[in-house]
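Working notes for the structure below.
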Amino acid sequence: MVIRRVLAPRIDFGALRRELGLPESFPTDAQREADEAAAAPPRPPVDRTDVPFVTVDPATSRDLDQAMHLARRPGGGYRVRYAIADVAAHVTPGGALEAETWRRGQTIYLPDGNVPLHPRTLSEGAASLLPDDDRAAVIWTIDLDADGGTVAVELERALVRSRAKLDYTGVQAAADAGRLPDPIALLPEIGDRLTARGLRRGAINLPLPEQDLEPDGEGWRLVLRAPAPMEEHNAQISLLTGMAAADIMLAGRVGVLRTMPAPKPEAVQRLRAAAAPLGVHWPDGVHAGQVIANLDAAQPRAAAFIDQAAELMRGAAYTAFDGTPPEHPEHGGVAAAYAHVTAPLRRLADRYATEVCLALHAGRPVPDWAHAALPRLPEVMASTDRTASAAARGAVELAEAVLLADRVGETFEAAVLDVDAPPNGRSRPRPPGGTVALDAPPVRGRCLGQLPLGERVRVRLVTADPAARTVLFELA
(Lines give C-alpha, C1' and ligand atoms only; values in the text may rest on other atoms or scores of the structure.)
Protein backbone atom coordinates (compact mmCIF):
# COMPACT_ATOMS: atom_id res chain seq x y z
CA MET A 1 0.00 0.00 0.00
CA VAL A 2 1.47 3.36 -1.05
CA ILE A 3 1.00 6.07 1.56
CA ARG A 4 2.69 9.08 -0.05
CA ARG A 5 4.73 9.74 -3.17
CA VAL A 6 6.54 12.83 -4.46
CA LEU A 7 8.21 13.35 -7.82
CA ALA A 8 11.97 13.76 -7.70
CA PRO A 9 14.09 15.03 -10.60
CA ARG A 10 16.44 12.94 -12.69
CA ILE A 11 19.17 11.41 -10.49
CA ASP A 12 22.50 9.81 -11.44
CA PHE A 13 23.31 6.86 -9.19
CA GLY A 14 26.65 6.20 -10.92
CA ALA A 15 28.71 7.78 -8.16
CA LEU A 16 27.03 5.57 -5.55
CA ARG A 17 27.74 2.48 -7.66
CA ARG A 18 31.40 3.46 -7.95
CA GLU A 19 31.65 4.28 -4.25
CA LEU A 20 30.38 0.81 -3.35
CA GLY A 21 32.60 -0.87 -5.94
CA LEU A 22 29.68 -2.62 -7.64
CA PRO A 23 30.61 -4.66 -10.73
CA GLU A 24 29.23 -3.61 -14.11
CA SER A 25 29.29 -7.04 -15.77
CA PHE A 26 30.22 -10.68 -15.24
CA PRO A 27 33.62 -12.10 -16.20
CA THR A 28 33.54 -13.76 -19.60
CA ASP A 29 34.05 -17.30 -18.29
CA ALA A 30 31.33 -16.90 -15.63
CA GLN A 31 28.88 -15.52 -18.19
CA ARG A 32 29.71 -18.37 -20.55
CA GLU A 33 28.96 -20.97 -17.85
CA ALA A 34 25.62 -19.30 -17.14
CA ASP A 35 24.70 -19.18 -20.83
CA GLU A 36 25.59 -22.87 -21.25
CA ALA A 37 23.48 -23.81 -18.21
CA ALA A 38 20.57 -21.77 -19.56
CA ALA A 39 20.83 -23.49 -22.94
CA ALA A 40 20.65 -26.96 -21.35
CA PRO A 41 18.48 -26.54 -18.23
CA PRO A 42 18.30 -29.41 -15.72
CA ARG A 43 15.34 -31.83 -15.87
CA PRO A 44 14.72 -33.37 -12.42
CA PRO A 45 13.34 -36.95 -12.57
CA VAL A 46 10.33 -36.05 -10.40
CA ASP A 47 7.58 -34.21 -12.31
CA ARG A 48 5.28 -31.89 -10.32
CA THR A 49 4.09 -29.78 -13.23
CA ASP A 50 0.54 -30.90 -12.42
CA VAL A 51 0.59 -28.71 -9.28
CA PRO A 52 -0.71 -25.23 -10.24
CA PHE A 53 1.95 -23.10 -8.55
CA VAL A 54 1.86 -19.29 -8.78
CA THR A 55 4.41 -16.63 -7.86
CA VAL A 56 3.71 -13.45 -5.85
CA ASP A 57 6.32 -10.69 -6.20
CA PRO A 58 6.67 -6.98 -6.96
CA ALA A 59 5.18 -6.27 -10.37
CA THR A 60 8.50 -5.52 -12.10
CA SER A 61 10.46 -8.46 -10.68
CA ARG A 62 11.78 -11.17 -12.98
CA ASP A 63 14.14 -12.94 -10.55
CA LEU A 64 11.40 -15.17 -9.15
CA ASP A 65 12.70 -17.47 -6.41
CA GLN A 66 9.43 -18.81 -4.97
CA ALA A 67 6.17 -20.28 -6.19
CA MET A 68 3.33 -21.34 -3.92
CA HIS A 69 0.37 -23.71 -3.80
CA LEU A 70 -1.89 -23.95 -0.73
CA ALA A 71 -4.58 -26.54 -0.02
CA ARG A 72 -6.63 -28.00 2.80
CA ARG A 73 -5.68 -31.41 4.15
CA PRO A 74 -8.30 -34.13 4.43
CA GLY A 75 -9.41 -34.24 8.05
CA GLY A 76 -8.29 -30.68 8.79
CA GLY A 77 -5.23 -28.49 8.56
CA TYR A 78 -3.32 -27.26 5.54
CA ARG A 79 -0.72 -28.37 3.00
CA VAL A 80 1.80 -25.72 1.97
CA ARG A 81 3.82 -26.42 -1.17
CA TYR A 82 6.64 -23.93 -1.67
CA ALA A 83 8.76 -24.36 -4.79
CA ILE A 84 12.16 -22.65 -4.64
CA ALA A 85 14.32 -22.09 -7.72
CA ASP A 86 16.97 -24.84 -7.87
CA VAL A 87 19.97 -22.61 -8.44
CA ALA A 88 22.48 -25.26 -7.41
CA ALA A 89 21.37 -27.38 -10.37
CA HIS A 90 22.54 -24.57 -12.70
CA VAL A 91 25.88 -23.70 -11.06
CA THR A 92 28.88 -26.05 -11.37
CA PRO A 93 30.82 -26.39 -8.09
CA GLY A 94 34.35 -25.10 -8.47
CA GLY A 95 33.56 -23.22 -11.67
CA ALA A 96 34.01 -19.60 -12.65
CA LEU A 97 30.35 -18.78 -12.05
CA GLU A 98 30.40 -20.13 -8.51
CA ALA A 99 33.55 -18.10 -7.78
CA GLU A 100 31.92 -14.91 -9.09
CA THR A 101 28.80 -15.43 -6.97
CA TRP A 102 31.06 -15.64 -3.91
CA ARG A 103 32.55 -12.27 -4.84
CA ARG A 104 29.05 -10.77 -5.14
CA GLY A 105 27.29 -12.50 -2.23
CA GLN A 106 23.83 -11.21 -3.05
CA THR A 107 21.85 -9.13 -5.50
CA ILE A 108 22.21 -5.40 -4.82
CA TYR A 109 19.14 -3.31 -5.64
CA LEU A 110 19.34 0.29 -6.83
CA PRO A 111 16.57 2.39 -8.39
CA ASP A 112 18.25 2.43 -11.82
CA GLY A 113 18.72 -1.35 -11.93
CA ASN A 114 19.99 -4.21 -9.82
CA VAL A 115 23.45 -5.77 -9.68
CA PRO A 116 22.50 -9.46 -9.81
CA LEU A 117 24.09 -12.33 -7.95
CA HIS A 118 23.77 -14.48 -11.10
CA PRO A 119 23.83 -13.50 -14.78
CA ARG A 120 20.40 -12.50 -16.05
CA THR A 121 20.27 -15.48 -18.41
CA LEU A 122 19.77 -17.48 -15.18
CA SER A 123 18.39 -15.06 -12.58
CA GLU A 124 15.76 -13.60 -14.89
CA GLY A 125 15.64 -16.48 -17.33
CA ALA A 126 16.33 -20.20 -17.15
CA ALA A 127 16.46 -20.51 -13.33
CA SER A 128 13.66 -18.05 -12.53
CA LEU A 129 10.19 -19.48 -11.87
CA LEU A 130 8.59 -17.52 -14.68
CA PRO A 131 5.08 -18.56 -15.69
CA ASP A 132 4.26 -21.20 -18.32
CA ASP A 133 7.79 -22.65 -18.45
CA ASP A 134 9.10 -25.86 -16.90
CA ARG A 135 11.70 -25.15 -14.25
CA ALA A 136 13.91 -27.11 -11.86
CA ALA A 137 12.89 -26.44 -8.26
CA VAL A 138 13.27 -27.65 -4.71
CA ILE A 139 9.79 -28.23 -3.30
CA TRP A 140 9.10 -27.88 0.41
CA THR A 141 5.85 -29.63 1.32
CA ILE A 142 4.86 -28.61 4.84
CA ASP A 143 1.73 -30.01 6.45
CA LEU A 144 0.11 -27.89 9.15
CA ASP A 145 -2.56 -28.62 11.70
CA ALA A 146 -5.66 -26.45 11.98
CA ASP A 147 -3.77 -24.03 14.25
CA GLY A 148 -0.84 -23.64 11.84
CA GLY A 149 1.53 -25.95 13.70
CA THR A 150 3.92 -28.00 11.56
CA VAL A 151 3.17 -31.73 11.59
CA ALA A 152 5.27 -32.99 8.63
CA VAL A 153 7.93 -31.74 6.22
CA GLU A 154 8.95 -33.26 2.88
CA LEU A 155 11.67 -32.02 0.55
CA GLU A 156 12.46 -32.98 -3.04
CA ARG A 157 13.93 -31.82 -6.30
CA ALA A 158 11.25 -31.67 -8.99
CA LEU A 159 10.14 -30.11 -12.23
CA VAL A 160 7.49 -27.39 -11.75
CA ARG A 161 5.51 -24.99 -13.90
CA SER A 162 4.13 -21.74 -12.54
CA ARG A 163 0.70 -20.84 -13.87
CA ALA A 164 0.81 -17.10 -13.21
CA LYS A 165 3.10 -14.24 -12.17
CA LEU A 166 1.03 -12.33 -9.59
CA ASP A 167 2.01 -9.04 -7.96
CA TYR A 168 1.31 -7.70 -4.48
CA THR A 169 -0.99 -4.89 -5.58
CA GLY A 170 -3.18 -7.17 -7.66
CA VAL A 171 -3.20 -9.90 -5.03
CA GLN A 172 -4.22 -7.44 -2.31
CA ALA A 173 -7.03 -6.11 -4.51
CA ALA A 174 -8.20 -9.66 -5.19
CA ALA A 175 -8.10 -10.49 -1.49
CA ASP A 176 -10.09 -7.36 -0.61
CA ALA A 177 -12.69 -8.39 -3.19
CA GLY A 178 -12.77 -12.01 -2.03
CA ARG A 179 -11.49 -13.28 -5.39
CA LEU A 180 -8.06 -14.74 -4.71
CA PRO A 181 -7.05 -17.45 -7.22
CA ASP A 182 -7.32 -21.01 -5.95
CA PRO A 183 -3.57 -21.70 -5.45
CA ILE A 184 -3.36 -18.90 -2.85
CA ALA A 185 -6.98 -18.55 -1.72
CA LEU A 186 -5.96 -19.84 1.72
CA LEU A 187 -3.05 -17.43 2.14
CA PRO A 188 -4.86 -14.94 4.44
CA GLU A 189 -6.18 -17.78 6.61
CA ILE A 190 -2.83 -19.55 6.89
CA GLY A 191 -0.95 -16.28 7.25
CA ASP A 192 -3.13 -15.20 10.16
CA ARG A 193 -2.55 -18.51 11.95
CA LEU A 194 1.20 -18.39 11.43
CA THR A 195 1.34 -14.76 12.60
CA ALA A 196 -0.64 -15.61 15.74
CA ARG A 197 1.69 -18.52 16.51
CA GLY A 198 4.68 -16.24 16.08
CA LEU A 199 3.29 -13.64 18.45
CA ARG A 200 2.63 -16.33 21.06
CA ARG A 201 6.27 -17.45 20.69
CA GLY A 202 7.47 -13.88 21.19
CA ALA A 203 8.18 -12.94 17.57
CA ILE A 204 8.61 -9.24 16.76
CA ASN A 205 7.70 -7.51 13.50
CA LEU A 206 8.37 -3.81 12.95
CA PRO A 207 5.72 -2.55 10.49
CA LEU A 208 7.24 0.84 9.73
CA PRO A 209 6.62 2.15 6.20
CA GLU A 210 9.68 1.95 3.96
CA GLN A 211 11.05 4.69 1.74
CA ASP A 212 11.53 3.64 -1.85
CA LEU A 213 12.28 5.14 -5.26
CA GLU A 214 10.28 4.35 -8.38
CA PRO A 215 10.99 5.51 -11.96
CA ASP A 216 8.65 8.19 -13.29
CA GLY A 217 9.44 9.23 -16.85
CA GLU A 218 12.67 11.20 -16.75
CA GLY A 219 12.67 11.36 -12.96
CA TRP A 220 11.85 9.35 -9.85
CA ARG A 221 9.06 9.10 -7.31
CA LEU A 222 10.08 9.08 -3.66
CA VAL A 223 7.55 6.74 -2.07
CA LEU A 224 6.61 5.93 1.50
CA ARG A 225 5.14 2.44 1.41
CA ALA A 226 3.54 0.37 4.15
CA PRO A 227 3.45 -3.39 3.58
CA ALA A 228 0.08 -4.67 2.42
CA PRO A 229 -1.50 -7.46 4.50
CA MET A 230 -0.92 -9.96 1.69
CA GLU A 231 2.80 -9.16 1.74
CA GLU A 232 2.88 -10.02 5.44
CA HIS A 233 0.98 -13.27 4.81
CA ASN A 234 3.41 -14.14 2.01
CA ALA A 235 6.36 -13.47 4.33
CA GLN A 236 4.92 -15.93 6.85
CA ILE A 237 5.23 -18.76 4.31
CA SER A 238 8.91 -17.93 3.85
CA LEU A 239 9.41 -17.81 7.63
CA LEU A 240 7.65 -21.17 8.00
CA THR A 241 10.00 -22.71 5.44
CA GLY A 242 13.08 -21.15 7.04
CA MET A 243 12.11 -22.58 10.44
CA ALA A 244 11.61 -26.04 8.89
CA ALA A 245 15.07 -25.77 7.30
CA ALA A 246 16.65 -24.78 10.62
CA ASP A 247 15.05 -27.76 12.36
CA ILE A 248 16.47 -30.13 9.73
CA MET A 249 19.97 -28.69 10.06
CA LEU A 250 19.94 -28.65 13.85
CA ALA A 251 18.77 -32.29 13.92
CA GLY A 252 21.53 -33.17 11.44
CA ARG A 253 24.11 -31.12 13.39
CA VAL A 254 25.42 -29.27 10.34
CA GLY A 255 24.33 -26.16 8.45
CA VAL A 256 24.11 -22.38 8.51
CA LEU A 257 21.43 -20.44 10.40
CA ARG A 258 20.24 -16.85 10.39
CA THR A 259 20.59 -15.89 14.05
CA MET A 260 19.92 -12.88 16.24
CA PRO A 261 20.16 -12.55 20.03
CA ALA A 262 16.94 -12.35 21.97
CA PRO A 263 16.08 -8.78 23.02
CA LYS A 264 18.17 -7.72 26.00
CA PRO A 265 16.16 -7.18 29.20
CA GLU A 266 17.48 -3.63 29.55
CA ALA A 267 16.36 -2.81 26.00
CA VAL A 268 12.89 -4.15 26.75
CA GLN A 269 12.81 -2.07 29.93
CA ARG A 270 13.75 1.08 28.04
CA LEU A 271 11.02 0.40 25.49
CA ARG A 272 8.47 -0.25 28.24
CA ALA A 273 9.47 3.04 29.88
CA ALA A 274 8.79 4.85 26.58
CA ALA A 275 5.32 3.32 26.20
CA ALA A 276 3.32 5.43 28.64
CA PRO A 277 4.69 8.85 27.55
CA LEU A 278 3.82 7.88 23.95
CA GLY A 279 0.31 6.77 24.89
CA VAL A 280 1.01 3.09 24.17
CA HIS A 281 -0.81 0.61 26.40
CA TRP A 282 1.48 -2.26 27.47
CA PRO A 283 -0.34 -4.69 29.81
CA ASP A 284 1.64 -6.84 32.21
CA GLY A 285 2.59 -10.22 30.82
CA VAL A 286 2.26 -9.12 27.18
CA HIS A 287 5.26 -9.52 24.90
CA ALA A 288 6.67 -6.52 23.00
CA GLY A 289 5.76 -8.10 19.67
CA GLN A 290 2.11 -8.31 20.66
CA VAL A 291 2.10 -4.66 21.73
CA ILE A 292 3.61 -3.58 18.41
CA ALA A 293 1.17 -5.72 16.42
CA ASN A 294 -1.74 -3.70 17.82
CA LEU A 295 -0.35 -0.29 16.80
CA ASP A 296 -1.13 1.86 13.79
CA ALA A 297 2.27 2.84 12.37
CA ALA A 298 0.67 5.77 10.51
CA GLN A 299 0.11 7.54 13.85
CA PRO A 300 3.12 9.65 14.93
CA ARG A 301 3.31 8.42 18.53
CA ALA A 302 2.90 4.78 17.50
CA ALA A 303 5.52 5.27 14.79
CA ALA A 304 7.92 6.71 17.36
CA PHE A 305 7.34 3.72 19.64
CA ILE A 306 7.98 1.28 16.80
CA ASP A 307 11.13 3.19 15.85
CA GLN A 308 12.31 2.83 19.45
CA ALA A 309 11.54 -0.91 19.25
CA ALA A 310 14.21 -1.30 16.58
CA GLU A 311 16.69 -1.42 19.49
CA LEU A 312 15.33 -4.89 20.26
CA MET A 313 16.45 -6.16 16.85
CA ARG A 314 20.23 -5.99 16.90
CA GLY A 315 22.98 -8.43 16.05
CA ALA A 316 21.58 -10.43 13.12
CA ALA A 317 24.20 -12.76 11.65
CA TYR A 318 24.79 -16.00 9.78
CA THR A 319 26.02 -18.80 12.05
CA ALA A 320 27.61 -21.91 10.55
CA PHE A 321 28.08 -25.10 12.58
CA ASP A 322 29.34 -28.62 12.06
CA GLY A 323 28.98 -31.26 14.78
CA THR A 324 27.93 -29.08 17.70
CA PRO A 325 24.89 -26.83 17.22
CA PRO A 326 25.28 -23.17 18.23
CA GLU A 327 24.70 -22.37 21.88
CA HIS A 328 22.09 -19.81 20.82
CA PRO A 329 20.59 -20.98 17.50
CA GLU A 330 17.46 -18.80 17.60
CA HIS A 331 16.61 -15.64 15.74
CA GLY A 332 15.26 -13.13 18.26
CA GLY A 333 12.82 -11.55 15.82
CA VAL A 334 11.38 -14.91 14.76
CA ALA A 335 11.59 -16.34 18.31
CA ALA A 336 12.72 -19.66 16.85
CA ALA A 337 15.62 -21.20 14.97
CA TYR A 338 15.53 -19.97 11.39
CA ALA A 339 17.54 -20.25 8.16
CA HIS A 340 17.61 -18.54 4.78
CA VAL A 341 16.63 -21.01 2.05
CA THR A 342 13.92 -19.27 0.01
CA ALA A 343 15.87 -16.76 -2.14
CA PRO A 344 18.80 -18.58 -3.80
CA LEU A 345 18.66 -16.42 -6.93
CA ARG A 346 19.35 -13.37 -4.76
CA ARG A 347 21.32 -14.68 -1.74
CA LEU A 348 24.39 -16.90 -1.84
CA ALA A 349 23.81 -18.63 1.53
CA ASP A 350 20.41 -20.01 0.48
CA ARG A 351 21.95 -22.24 -2.20
CA TYR A 352 24.21 -24.02 0.27
CA ALA A 353 21.71 -24.22 3.12
CA THR A 354 19.18 -25.80 0.74
CA GLU A 355 21.71 -28.40 -0.38
CA VAL A 356 22.43 -29.30 3.24
CA CYS A 357 18.72 -29.74 3.92
CA LEU A 358 18.21 -31.92 0.83
CA ALA A 359 21.03 -34.23 1.89
CA LEU A 360 20.00 -34.48 5.53
CA HIS A 361 16.35 -35.06 4.66
CA ALA A 362 17.33 -37.90 2.30
CA GLY A 363 19.67 -39.43 4.87
CA ARG A 364 22.80 -39.02 2.76
CA PRO A 365 26.05 -37.10 3.36
CA VAL A 366 26.13 -33.42 2.59
CA PRO A 367 28.02 -32.91 -0.71
CA ASP A 368 31.64 -31.92 -0.14
CA TRP A 369 31.27 -28.68 -2.13
CA ALA A 370 28.41 -27.52 0.10
CA HIS A 371 29.96 -28.78 3.33
CA ALA A 372 33.25 -26.99 2.68
CA ALA A 373 31.46 -23.71 1.94
CA LEU A 374 29.63 -23.41 5.27
CA PRO A 375 32.42 -21.88 7.42
CA ARG A 376 33.07 -19.17 4.82
CA LEU A 377 29.48 -18.06 4.35
CA PRO A 378 28.99 -15.88 7.48
CA GLU A 379 31.83 -13.49 6.62
CA VAL A 380 30.83 -13.15 2.97
CA MET A 381 27.17 -12.61 3.80
CA ALA A 382 27.96 -10.06 6.52
CA SER A 383 30.10 -8.07 4.10
CA THR A 384 27.52 -8.08 1.32
CA ASP A 385 24.71 -7.32 3.78
CA ARG A 386 26.58 -4.12 4.60
CA THR A 387 26.90 -3.29 0.90
CA ALA A 388 23.20 -3.94 0.27
CA SER A 389 22.21 -1.74 3.22
CA ALA A 390 24.55 1.03 2.10
CA ALA A 391 23.13 0.91 -1.43
CA ALA A 392 19.51 1.12 -0.27
CA ARG A 393 20.23 3.83 2.28
CA GLY A 394 22.49 5.82 -0.05
CA ALA A 395 19.96 5.84 -2.88
CA VAL A 396 17.19 7.23 -0.68
CA GLU A 397 19.49 9.78 0.98
CA LEU A 398 20.62 11.00 -2.45
CA ALA A 399 17.01 11.33 -3.63
CA GLU A 400 16.03 13.23 -0.47
CA ALA A 401 18.90 15.69 -0.88
CA VAL A 402 18.17 16.26 -4.58
CA LEU A 403 14.47 16.67 -3.93
CA LEU A 404 15.05 19.29 -1.21
CA ALA A 405 18.10 21.05 -2.66
CA ASP A 406 16.14 24.16 -3.72
CA ARG A 407 13.97 24.32 -0.60
CA VAL A 408 16.52 25.29 2.07
CA GLY A 409 14.90 27.69 4.53
CA GLU A 410 11.38 26.32 4.10
CA THR A 411 9.41 24.85 7.00
CA PHE A 412 7.62 21.50 7.04
CA GLU A 413 5.22 19.53 9.21
CA ALA A 414 6.92 16.49 10.75
CA ALA A 415 6.64 13.79 13.41
CA VAL A 416 9.44 13.14 15.89
CA LEU A 417 10.48 9.48 15.65
CA ASP A 418 13.59 9.48 17.83
CA VAL A 419 15.54 11.74 20.15
CA ASP A 420 19.19 11.55 21.11
CA ALA A 421 20.08 9.76 24.32
CA PRO A 422 21.49 12.02 27.05
CA PRO A 423 25.30 12.26 27.00
CA ASN A 424 26.90 9.62 29.22
CA GLY A 425 30.11 11.50 29.97
CA ARG A 426 32.19 9.30 27.66
CA SER A 427 30.82 10.40 24.28
CA ARG A 428 31.62 13.70 22.61
CA PRO A 429 28.81 16.18 23.36
CA ARG A 430 26.76 17.33 20.39
CA PRO A 431 23.77 19.62 19.95
CA PRO A 432 20.49 18.04 21.02
CA GLY A 433 18.37 16.58 18.27
CA GLY A 434 16.89 13.44 16.81
CA THR A 435 15.09 12.02 13.79
CA VAL A 436 11.96 13.45 12.20
CA ALA A 437 9.68 12.18 9.43
CA LEU A 438 8.21 14.85 7.17
CA ASP A 439 4.58 14.60 6.08
CA ALA A 440 5.45 15.71 2.53
CA PRO A 441 7.76 15.03 0.87
CA PRO A 442 8.19 11.63 2.61
CA VAL A 443 11.67 12.35 4.00
CA ARG A 444 13.33 11.17 7.21
CA GLY A 445 16.24 13.22 8.49
CA ARG A 446 18.20 14.54 11.42
CA CYS A 447 16.77 17.57 13.19
CA LEU A 448 18.45 19.80 15.77
CA GLY A 449 16.62 21.06 18.83
CA GLN A 450 14.86 19.89 21.98
CA LEU A 451 12.46 17.49 20.29
CA PRO A 452 9.35 16.00 21.94
CA LEU A 453 9.33 12.28 21.14
CA GLY A 454 6.22 11.10 19.30
CA GLU A 455 4.81 14.60 18.84
CA ARG A 456 4.15 16.67 15.75
CA VAL A 457 6.38 19.69 15.16
CA ARG A 458 7.34 22.21 12.52
CA VAL A 459 10.91 22.02 11.27
CA ARG A 460 13.05 24.23 9.04
CA LEU A 461 15.37 22.80 6.38
CA VAL A 462 18.91 24.12 6.92
CA THR A 463 20.95 21.80 4.66
CA ALA A 464 20.26 19.70 1.55
CA ASP A 465 23.52 18.56 -0.02
CA PRO A 466 23.29 16.01 -2.86
CA ALA A 467 27.07 15.61 -3.06
CA ALA A 468 27.21 14.55 0.60
CA ARG A 469 23.76 12.88 0.47
CA THR A 470 22.67 14.70 3.62
CA VAL A 471 19.70 16.75 4.80
CA LEU A 472 19.47 18.56 8.10
CA PHE A 473 16.55 20.30 9.81
CA GLU A 474 16.15 22.43 12.90
CA LEU A 475 13.15 22.87 15.14
CA ALA A 476 11.22 25.90 13.84
Any ion pair linking E355 and R351 (charged N to carboxylate O, less than 4.0 Å)? no
Does the Q31 side chain pair with the main chain of T28, one donor and one acceptor, at a distance under 3.5 Å? no
More than 12 heavy atoms of other residues, nucleotides or ligands under 6.0 Å from CG of D368: yes or no? no
Between A464 and P466, which heavy-atom pair has the shortest distance, and what is it? O-CD, 3.4 Å
So, taking the atom named CG in L404 and the one named CG in L472, what distance separates them when rounded to the nearest 0.5 Å? 11.5 Å
If you measure from the Lys or Arg side-chain nitrogens to the Asp or Glu carboxylate oxygens, is any gap between R17 and D112 under 4.0 Å? yes
Shortest non-hydrogen pair, P441 vs R407, comes out as CD-NH1, 3.9 Å
Sidechain-backbone polar pair: S123 side chain, L345 backbone, donor-acceptor under 3.5 Å: no
Less than 4.5 Å apart, side chain to side chain, heavy atoms only: is that true for I237 and M68? yes
Nearest 0.5 Å, what's the OG1-CD distance between T169 and E231? 7.5 Å
Where the side chain of E100 meets the backbone of A30, is there a donor-acceptor pair that is under 3.5 Å apart? no
Determine all donor-acceptor pairs shorter than 3.5 Å in which one atom belongs to a side chain in residues 258-265; sequence neighbours excluded.
residue : atom : partner : partner atom : Å
T259    : OG1  : A317    : O            : 3.4
T259    : OG1  : T319    : OG1          : 2.8

Closest non-hydrogen atom pair, E232 against P227: OE2-CG, 3.2 Å
Atom pair OG (S238) and CH2 (W140), whose distance is rounded to the nearest 0.5 Å: 11.0 Å
Whether the D57 and Y168 side chains hold a donor-acceptor pair (N or O, under 3.5 Å, no angle test) is what I'd like checked. no
Just wondering, do L22 and T387 contact through their side chains at under 4.5 Å, heavy atoms? yes
Is V471 close to T463 at the side-chain level, that is, under 4.5 Å between some pair of heavy atoms? no
Using a 4.5 Å cut-off on heavy atoms from C-beta on, say whether the side chain of R104 contacts that of V115. yes
Does any pair with a residue in residues 91-117 pass ring-ring contact (aromatic ring centres under 6.0 Å, His included), and if so which ones, sequence neighbours excluded? W102-Y352
Side-chain contact, heavy-atom cut-off 4.5 Å: D167 with V171? no
Side-chain donor-acceptor pairs of residues 323-338 under 3.5 Å, sequence neighbours excluded:
residue : atom : partner : partner atom : Å
H331    : ND1  : G333    : N            : 3.0
H331    : ND1  : V334    : N            : 3.3

Side-chain heavy-atom pair N205, I292 within 4.5 angstrom cut-off: no
Q211: side-chain contact (heavy atoms from CB on, under 4.5 Å) partners, not counting sequence neighbours: L224, V396, E400, R444
Correct closest heavy-atom pair for A297 and I306 would be CB-CD1, 3.8 Å
Note: D322-R253 ion pair, threshold 4.0 Å (strictly below): no
Taking R120 for its side chain and H118 for its backbone only, find out whether a donor-acceptor pair lies under 3.5 Å. no
Between L358 and L155, is the side chain to side chain contact (heavy atoms under 4.5 Å, CB included) condition met? List the steps. CA-CA 7 Å; L358 281 163; L155 189 57; 3.7 Å; yes
If you apply the rule side chain to side chain contact (heavy atoms under 4.5 Å, CB included), what do you find for V280 with L295, and how did you get there? CA-CA 8 Å; V280 173; L295 298 180; 4.1 Å; yes
Is there any salt bridge (Lys or Arg N to Asp or Glu O under 4.0 Å) pair reaching into residues 191-209, and which pairs are they, with sequence neighbours excluded? D147-R197, D147-R200
Quick check against the 3.5 Å criterion: does E98 have a side-chain atom that pairs as donor or acceptor with the backbone of G94? yes
Between D420 and R446, does any NZ, NE, NH1 or NH2 come within less than 4.0 Å of an OD or OE carboxylate oxygen? yes
Honestly, is R135 close enough over F53, meaning NZ or CZ under 6.0 Å from the six-membered ring centre and within 45° of the axis? no
Say whether T342 and T241, considering side chains only, have a donor N or O and an acceptor N or O under 3.5 Å apart. no
Candidate pair D65 and R346, rule salt bridge (Lys or Arg N to Asp or Glu O under 4.0 Å), full reasoning: CA-CA 8 Å; D65 288 287; R346 293 171 280 165; 2.4 Å; yes
Return the CD1 to OG1 distance between I248 and T354, rounded to the nearest 0.5 Å. 10.0 Å
Could you go through the side-chain hydrogen bond (donor to acceptor under 3.5 Å, both in side chains) check for H340 and Y318 one step at a time? CA-CA 9 Å; H340 276 166; Y318 288 86; 2.8 Å; yes
Given the rule in the side chain to side chain contact (heavy atoms under 4.5 Å, CB included) test, do V256 and V356 qualify, once you have shown the distances and angles that lead to the verdict? CA-CA 9 Å; V256 57; V356 171; over 6 Å; no
From the list V459, L448, T435, side-chain contact (heavy atoms from CB on, under 4.5 Å) with F473 holds only for V459
Quick one: does E124's side chain have a donor or acceptor within less than 3.5 Å of a partner on D63's backbone? no
What I want to find out is whether R32 reaches D35 closely enough, with some N-O distance under 4.0 Å, to be called a salt bridge. no
Calculate, to the nearest 0.5 Å, the distance between atoms CD1 and OH belonging to I142 and Y82 respectively. 9.5 Å
Under 3.5 Å, side chain of K165 to main-chain N/O of V54, donor-acceptor pair present? no
Indicate the atoms forming the closest heavy-atom contact of A303 with L417, along with that distance. CB-CD2, 3.8 Å
State, to 0.1 Å, how close I108 and T384 come at their nearest heavy-atom pair, and which atoms those are. CD1-O, 4.2 Å
Side chains of N294 and Q290 only: does a donor on one sit below 3.5 Å from an acceptor on the other? no
So, N114 versus R62: side-chain donor-acceptor pair below 3.5 Å or not? no
Taking side chain as C-beta onward, heavy atoms only, is Q308 less than 4.5 Å from D418? yes
Between the side chain of T121 and the main-chain N/O of A38, is any donor-acceptor distance below 3.5 Å? no
Any chance you could measure S162, atom OG, to D134, atom CG, to the nearest 0.5 Å? 11.0 Å
Go through the steps for H371 and V254 under the test side chain to side chain contact (heavy atoms under 4.5 Å, CB included), then give the verdict. CA-CA 8 Å; H371 204 156; V254 60; 3.8 Å; yes
Carboxylate-amine/guanidinium contact D86 R157, below 4.0 Å: yes
Just checking E379: does its CD atom have more than 12 heavy atoms from other residues, nucleotides or ligands closer to it than 6.0 angstrom? no
Close side-chain approach of T92 and L97, heavy atoms under 4.5 Å: no
Sequence neighbours left out, what passes side-chain contact (heavy atoms from CB on, under 4.5 Å) with A173? Give chain and number order. none
